[in-house]
Every structure is written in C-alpha cells, then in structure tokens.
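Residue numbers begin at 1 in each chain, while the letters A, B, ... track the order of the sequences.
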Amino acid sequence: MNGINKNKNKYTLTRKEERAIIRENRKMMRHFEKLKKRKNVSESEYLTQMRDPNNLVEFDDLHTYFYTDIGTVKAVDGVSFEIPKGSTVGVVGESGCGKSVTSLSLMQLVQAPQGQVVKGSIRFNAGDKCYDIVKMPTEAMRKIRGKDISMIFQEPMTSLNPVFTIGSQIDEVILLHLEGYTKKQAKEKSIEMLKRVGIARPEAVYDSYPHELSGGMRQRVMIAIALACEPKLIIADEPTTALDVTIQAQILDLLREIKHKTNSSIMLITHDLGVVAEMADYVVVMYAGRIIEKGTVNDIFLDPKHPYTIGLMKSKPVVNKVVDRLYSIPGQVPNPINMPNYCYFRDRCDRRFDKCAGDYPPLYKISDTHYAACYLCDKSKEAQ
Amino acid sequence: MDNTIKTNDTQYCLQVKNLKKYFTIGKTFFGTPNQFLKAVDDVSFDIEKGTTLGLVGESGCGKTTVGRSILRLHEITDGQIIFNGVDITKLKHEELRRLRPKMQLIFQDPYSSLSPRMNVGEIIGEAVKAHRIVPRSEYKDYVLGVMQNCGLRPQYFDRYPHEFSGGQRQRICIARALALKPEFIVCDEPVSALDVSIQAQIINLLKDLQDQYKFSYLFISHDLSVVEYISHKVGVMYLGNIVEMGTKEQIFKNPMHPYTKALLSAVPVPDPTVKMNRIILQGDLPSPANPPKGCKFCTRCPNCMDICKEVPPVYKEYEKGHKVACHLYPQD
Amino acid sequence: MSENKKVPDTIDELEEESLSDSVKVLSPGRLVLRRFFRSRLSIVGLSILIFLFAFCYIGPLFVEYTDTTTFAIPREIKMVTEEHFTGADGKVYTYYDVSKNLAYDKAPPSKEHWLGTDPNGMDVFTRLMYGGQVSLKISFIVVLLEALLGVIFGGIAGYFGKWVDMLIMRIVDIFYCLPGLPLLLIASQIIRAIPSIHPNERLYWLMGILTFFSWSGTARLVRGQILSLREQEFMIAAEATGLKARTKIIKHLIPNVMPQLIVSMTLGLGQIILYEATLSYLGLGVPFPYAAWGSMISAADPSKGSEILSFYPNLWVAPGILIVAAVLGFNFVGDGLRDAFDPKMKK
C-alpha cells in the first residue's frame, strides 16, 4: 500500500482521475434511476412492434453500461440479435464478454444503480402484445419475469432457498403467476413438474430440503421451477458448468427433451462450445461486449469466419483428435474500460492488416443467416 | 538417510503404493473414530521421470485428495509414497520441509491461491529466499528470469494479485512453483477456472516447461480432452479407487471399464454434425461416506451383473500397462 | 487518458501496451479508502474523532493553565434562611431572612471560563480537554495491549490447534463468562487499598486491569480468522513450498488478519472509553485532582445532593456529550472500516 499522494505507479489512477470518474458516475446513475422510478406509466409508452412476428425476442442495439469506481464498463455495447419462436439460441463467449449481462438486461435484473441500460431496445413478443422491455417500469416487468421469461442459473447450490422445502418453492411460483390455482392443485402441478424433469420419486423430493439433494438433482428442480409457468422463453445461464460431465449429459438431455415437448425458446448462455454445438439452432459469439459473429449452428461450427471464433475452436482440445501443439490465442481478454475504437480483437489477432487499425468493423453479411464483424469478410474489399 | 529404499526403478520419479486416506466423520463418545470416509482407498500408480500422469474423475472421487496426500499436505492413513527412491511417508517434519521444493503444487482457483497482501515478486521469491535456491545477489534476476519463462512481464514484479486476470494469476502460481526448481508438480485442475482461450496458453506453457526442464506432472482434471492432450498415461478414478489405468491411447481408443466409456461419451463435441450414441448414466454419484457394496460403480453401471453387487472386482492388467477393475473381464 | 487509445503497431509496442494493461486500477489501500469515504456515517465518525483529538491535544496549547489550576472567582449569592414559628393566633408563620454572601466556586460561564468553574474552582472547559487526553490515552494503550495479547494467544491457538488450541480457548471461555464490570470494580478497589501504589500510578494499573479482562474477545477473533485462513489455498501453497512456521505466521497469516483486527480494535476503543468513564464516575479511576470525563460527571451524583444536577448543567452536560460523541465516533469509523475492508460489501 503506497502513499496516496505520491503514488507514481502508472497502473493506478491519480486522485484527479478518480474524482472525475465519481462525479460522472453519480450524474449518470441519478439520471437513469429517475427514469426507472416513474410511476403510472401508461402501457402505450412501452408497447412496440416486432420487426418479424415470428421472433420471440429482438435485441436491437442494446447498450448496458456499468459505472464502476475505475471507469465506465461497457459490458454490452451495441448488441443486436433475435430469438425466433421455438428455437434455441446459444450465446458463447469468455468471461466478461457481456453474455450474462445481455440476459440480465432482458430480465431487467442488471445490478442497479451501477448497471444501466443506456441505449437500445429489447422487444418481447408476449403473444397479443409486444413490449419494449427497456422502457418498461419495474412494476409491469414483474408480471413477465418468472411467467413469460424464466431463468436457470449456474449455481444450483445457491439458487434455491435452503430453509424452504423444494415443494413450497415450486408452489410459490405457480401460485404467484398462474391464476385460479388452489394450494392442492398447485401441489399436484408441482409434483407433475418434478416428474417431467425426470425425478424418480417426485413425492419424496417435494417434501425434502435443498441440502438433501445432489447438484444434478437441484439443477433439475431449478428447471422444474423454470418450467412451472410454461414460459415462452427460458434463459439458461451456464446451466451445466458447475456439474460433472456425466451429470451434464443428463441435464443437456433433459433440456433437449423439454425443447421438443414444449414450444418454449431457450437462450443458452455458455462458454462451452461443445454444449452449444449440441443444443443450439442459432449461435451468437460475443467478445468484449460486442457480437463478433452470428449465424446458424452450422454456419458457425462448419464455416467460422471471425479469427476469434476460429481461434476459440482450435484452442480447445477435442477427445480422440490428436494435435501436435494446441493453438492458443495470445494475450489476455481485454479489460472492458477505455476500449479503443479499433477492433477489440486486433491486438490478439494473427490475421490483422492495415485496415484493422481503423474504425470498429461493422457486421458483414456472409449469407442470409451468417454475419461476422471482421474486415476479412468485407466483400467489397475483395472486389478492389 | 535411513529412509532410502534401494530400488532399481530409477526411471520412476514417483511411486505410490496402496495409498489410503480415510477421513474420520464419526466418533464414539470417548473419541475413538468409528465412521470413516474413504476418500482414497488403496490407490497405486507410478510416474516415470519427465512424463505426465493424468487423473480423471468426477467431483468427490478423491482425485484432489490423492494429489495433496502425495505432497503430504494431509497425513495419510496407510501406504507408501516413494519419491526418487525415498519413502516420504516416514520423513520427519524438518526433513520433509527441506524436500518440499522438489515437489510442487498448482491449484485450481487462481484467486484464493495467491495471498492478496503480497506483491508478485514476493509471492514468487519468498520460498526462493527461504530455501536459498540462489545466492542473495542473484535473487532478483533469478525471479525476473522465472517470470519471463512463465510469460510474465518484468514490470509486474511490484504489482498485487488483484490487478491480474485469472490467466495471469495462474502464470504467477506456475512461476511460484517453477522458481523452486522442482522435479515433480501436482497440477490440481490448473485450467478449469480459466477461459478457453487462456486454457490453451496455460496448457502449452505447462507442456513447454516440461520439455525444457523434464518435470513429471500429476495432472488432475475432470476435463477429458485436456487430459488426453497433456498426459502420457491416464488413470480414471471413481469413489476413491482407480477403476482403469493405461496409456493415453489405451484409455481413449480402447476404454474397457463401463465408467470410462460413459465418461468419454458424455463429453460434448463442438461439431453439430456429429450425432453421438451417448451412454447416459442414471442417477448421481453415491455418497463416498456410504459407498455401495461390491463394485462401487454398480449403482450406475449400464452393464451391472449380480456378481457386481456382491464382490468387488480385482484390479488387473489385461494388456501391457492397461489395468482395469471390472467383472466384465475374466477375474483370474 | 486518450494516449492509451493510440494504435500499437509493432509487436513489441503491443507487448507493452496491450488492452488488458492499458487500464488503470486502484491500489489496495485506495480501494479501502474509497469504500470507507463512500459511507456518510464513517465521514461523520471521522470528523467527530478529528474534532475530539484536536480539542484534547491541541486545545491545551491555547490555555495557559492546567486542569488543576484553581480560580477564586467571587460571585454574589443570596443566602436565604427560613424559620417557622407559631404566632399568637395559633397559625404557623414562615420567616425568611435574605442576606448576601460571596462564594468562590462554581462560577457561571463567562468569557474567561466558557463553562464556568467546578466546586473546586477549576475551569471546566480546560478539565474537559485534559480529561479527554486521559480517556483517549487509556483506550489506545489498552486496545493495543489487548490486540497484542489477542494476536499472540489467538494466533498460537489457531495455528497449532490440537491441545494448545483446546487449552487457550478454554481459558478464553473462562474470561468470557466472568462478569466484567463487577470484577473491575473489585479490582480497582483492591488497588486503591494497596498503600504502596501511588495514586498517580493507579492509571497504569487501571489499564492493566482493563486489558486483562478484555483480551479474550480479540483472541477468539484472531483464532477464528486464522482457522479460516488456514484452509485458503495460499496457505496450503505456503506449506507446500516448505516455509517455516514463523514465516508463514508473520508473512501470510498476520497481514490477512489485520483488517478484521483493526475493525475490532476501533470498535473496542469506544468500549474502553465507556469502561474508563464508569470507573472514574465511581471514583476508582484517575485520582483527584486530575480530570477525567467520568469523574466530572460524578459531580452531579444525586447522592451528593441534587444542587449541581439541578442548577449547574454547565458542569456535567459537556463531559456527557463528549463521552457519547467519542463512543459514537469510534463505532461509526469501525463500521465504516469493516464495510471498506470487506470486498463483499462492494455496493
């Protein structure tokens, strides 16, 4: 701990810079919190139109920033993609790339007041109506959360409340969101849900407490809770990362089965390319808060275009595929503060060229479904 | 030293014989232990000099306990650990302390394995000073040299761990181990907390260092693909036992134990065109405090027979270097 | 910070200025300070403490006399005598005789003596300063001694475990179930009764006794911390690198116990001030004529007559307020530090 005033370490902020950041943060946070706390917002303010009625969710130029002590973190910086009805969209990326923040923005669960959706819209197709979740007041959002959109978290150990029985936690969701359920009917429905997620003795599990179950079982219970209200969208945030391989196989199998049986869409957030390849119909690859490539699962895995996607696939060893030396992307994942205005991946990229020092590349269209943000994909360049 | 065991097996860096580690989980009123958790139950293996043994298994199978017992970070219940011809289970405290630099450990969690109140130079150099690995005058140059070997820039010397990302912290951990000039390193899930692009860097670093310094590794991981890439021999653990052991090729091309087969088929493949015939194991890992009678895998085994529920299978060699414990194969 | 955004062109330059390094972060100390000053309460607490220290240690420099200087300030007081007698008509008559007298104590607040003087003719305002010095001095020394004992015993118990831990922790348990205040009273009485102890040395004995009865809490805290630190992987790493026990304790354990220790010490300061005030109030602390906040309040003790309590609030309200302020100040700062050290409290 060096002296505060004569701190010459160039890696630490000076007092002056620190104060400027605080002042700026306070201003921005107050501005957004005021917007959110408005009362009696008429529904017409957040009603909107889907670009394509077959989509369930459309992210449009979403910006979510965090105002932290060391500067503004642009966790999500201009993300646009859509989740079609009844399909699974895999969002892949390394830690800190903004994949979880994207899903939290959709749920309006970004940690306030530091985290704020600054720009853009998230259109959600609720059947007869269509809402812009960014403009929605918290009150109205509560009706959608858990009912139309539900979430499965990474840590099955901490996402269940340890002092309530499994049954009462599922009942709670059913009684809260579904109308006309008596306690007895809710219990029947809960047991049916437990049966549906492949729990062998649903009655016994209904009365047990979370600590009596293993990790895999708890994740099944979480899925049962998520499915209880027949949501239109299930957000699965790293659902199998904390589980063992054999249990992961069970849970993935279950998720796939659910996708076939119900008409729900799944937004699958993961860092594991293998899981995405198996589960997803569409894939979105994120890097440092931006989408660098998106397309169908075949586009991405069979014909990856962005050097980052290619590098990511080469750097993961595959069972029974012998490689002499593993490819590795040099450098570290960038710290998302003070990002440059050229391509964020440029410093780690082995195929960079002059143009990469210019503006951040836009998403270039490769086919109707396949887009990549890299100058290598610029067709007009080849024409020159 | 009277602990030296005269062996001809000088090609082995480490030999583990019938290692057992029981944790006491229940005591009688008078304090005599009467309930045990058999975390490691009769495990034997050898690691040749300059090679890597991969140890795979699910959480709770005892692989971490094996790693820490070998370094005598736990007191072991029974068995022999012979390191360079010396049985280290019988060493006294001070003798063990002097031997420690030769056997190092790299952890899974790069966040809790670095003391938050020491800077990088201190973390790496502390034990170098304590064991007088190099003369005092060369100390700083030596530490900087080690840092460079691990891909850390010299200006990191005075910085604190919280300023670094997971991958760089893991490099600091590796540098701390490397600085002591070890011969054997236990890598306990060194890459499972890291991002994919960083994982490859760390694995390559570990491999390069092995080529350069001829280390032997015990590489503990649940990630089969990483283990296949880095190991020469692989052991598969289930509930405190090694159920199958063999060379990398034997385990991955010709798995014999049903558990190994299931593990291999459970790994997701990043290729949407491959449709696998997955063996999905039913149920969860039984509690290690109360394992099933007979073969410990019988509760989840797709090929379970009557005999499996009664008699534990014999751990036997079927090909050269390929040992399996399963009733599917002739027992005598 | 615009210079960070310049585009690196060569590989070498890129090594120096890669994206992950271009970001400035806060040093660990600054992070703690930042979190500390984010809370309003801790700023209030800190201001109270700064004011108190300035008052007690800088204040006396502006006064040319000490706490024991007496002043004879004449003031006129009315002497009223009351007499009853039965008149010839059988009624009881009351007879008042009002005369004037001069008194030299308990002067009212004036320009020279802001809070007046006390029954001994000493300046109350000055005595507040010197009394504060005593309170602060005692509490700091006691807390430091307490921390020393706590770290030694707690550290030994936590690090070595087994029977050592058992023994020390049982001793700590015994101290925990002793009723603190009654024992303190008895002990201070005993000290008072021992003729060989000079009244001026009583202060040091008082510190010793306070320490003796309050180290056990610190020891328990340190032991708990060390037990949880021992399970941390960096401690296992220290073991695996073969460091000596002494190095492990000094370089790895103690620095990581410090934050919690500092918090508990800060909160302890307020506690000790209260104990000291209580003892002084009961006349067992700092001997007359030296000042202490507790003994200043005791002037208003109703058992000695309610005159001061009713008519001279200038003698006892101020020390009362100062005691409350000191304890609150230390508690606010302690709470603020706890939140600042605990990274999980990051809001």
Side-chain angles (χ1 to χ4, degrees), chain A residues 1 9-12 93-97 200 213-217 240 242-250 252-253 271-280 283 296-298 300-302 308 311-323 325-333 335 348, chain B residues 56-61 117 151 155 158-160 163-168 194-205 207-208 222-230 249 252-253 259 262-276 278-285 287 300:
Chain A
M1 298 194 196
N9 189 343
K10 71 170 190 172
Y11 300 108
T12 55
E94 298 178 286
S95 54
C97 74
L213 304 180
S214 68
M217 290 281 265
T240 57
L243 305 175
D244 283 315
V245 203
T246 57
I247 310 295
Q248 165 172 302
Q250 294 174 2
L252 291 182
D253 204 45
H271 67 274
D272 192 332
L273 291 164
V275 172
V276 175
E278 245 175 58
M279 300 287 301
V283 180
T296 63
V297 71
N298 286 338
I300 300 289
F301 283 93
L302 304 182
Y308 175 67
L312 212 54
M313 287 187 195
K314 275 201 285 183
S315 59
K316 179 82 190 156
V318 177
V319 170
N320 279 333
K321 208 186 245 178
V322 182
V323 275
R325 187 183 165 81
L326 214 51
Y327 174 81
S328 71
I329 305 174
Q332 306 291 326
V333 180
N335 198 324
R348 302 176 72 189
Chain B
V56 226
E58 295 177 274
S59 53
C61 72
R117 274 158 229 286
Q155 61 263 44
D158 311 304
R159 292 172 70 182
Y160 286 86
E163 301 173 36
F164 296 99
S165 61
Q168 280 167 312
L194 306 176
D195 281 320
V196 181
S197 71
I198 308 299
Q199 276 189 7
Q201 294 176 3
I202 299 293
I203 295 170
N204 281 339
L205 174 66
K207 240 188 154 170
D208 293 346
H222 68 270
D223 190 333
L224 288 153
S225 53
V226 172
V227 168
E228 185 190 13
Y229 176 71
I230 201 163
E249 289 75 22
F252 284 87
K253 295 276 187 288
Y259 178 63
L263 265 185
L264 279 173
S265 84
V267 182
V269 182
D271 186 347
T273 51
V274 177
K275 290 283 170 258
M276 293 195 73
R278 180 158 289 165
I279 310 166
I280 291 185
L281 292 178
Q282 295 306 309
D284 294 311
L285 201 70
S287 155
R300 300 172 75 196

Using ring pair (Phe, Tyr, Trp, His ring centres under 6.0 Å) as the criterion, list what pairs up with A:Y308, not counting sequence neighbours. A:Y287, A:F345

Go through the atoms of B:I280 and report whether side chain, backbone, both or neither lie under 4.5 Å from a heavy atom of chain A. side chain

Would you mind checking which part of B:I203 comes under 4.5 Å of any heavy atom in chain A, side chain (CB onward), backbone (N, CA, C, O), both or neither? side chain

Taking all non-hydrogen atoms of both residues into account, name the closest pair between B:S197 and A:S315 and its distance. CA-OG, 4.1 Å

Name the member of A:N298, A:L273, A:L252, A:V245 that forms the most heavy-atom pairs with chain B at distances under 4.5 Å. A:V245

State whether the side chain of B:N204 and the backbone N or O of A:R325 hold a donor-acceptor pair below 3.5 Å, judged by distance alone. no

What part of B:E228 gets within 4.5 angstrom of chain A, counting heavy atoms only: side chain, backbone, both, or neither? side chain

Interface moiety of A:L302 toward chain B, non-hydrogen atoms closer than 4.5 Å: side chain

Pick from B:L281, B:L224, B:V196 with the largest number of heavy-atom pairs that fall under 4.5 Å of chain A: B:V196

Please classify the contact between B:Q201 and chain A as side chain, backbone, both or neither, with a heavy-atom cut-off of under 4.5 Å. both

Would you name the heavy atoms of B:P272 and A:F301 that are closest together and state the gap between them? CD-CB, 3.3 Å

Taking every heavy-atom pair that is under 4.5 Å apart, which of A:D253, A:L326, A:V319, A:T246 has the most such pairs with chain B? A:L326

Give, as side chain, backbone, both or neither, the part of B:F252 having an atom under 4.5 angstrom from any heavy atom of chain A. both

With respect to chain B, which residue among A:G311, A:G93, A:S95 yields the maximal number of heavy-atom pairs within a distance under 4.5 Å? A:S95

Contacts of A:K316 that satisfy side-chain hydrogen bond (donor to acceptor under 3.5 Å, both in side chains) - sequence neighbours left out: B:D223

Which heavy atom of A:V275 sits nearest to which heavy atom of A:T240, and what is that distance? CG2-OG1, 4.3 Å

When the 4.5 angstrom heavy-atom criterion is applied to A:Q248 and chain B, the contacting part is side chain

Can you measure from OG (A:S214) to CG (A:L243) and round to the nearest 0.5 angstrom? 9.0 Å

Partner chain B: residue of A:S328, A:A280, A:A200 with the largest heavy-atom pair count (under 4.5 Å): A:S328

Under the 3.5 angstrom rule, does the side chain of A:D272 hit a backbone N or O of A:G274 as a donor-acceptor pair? yes

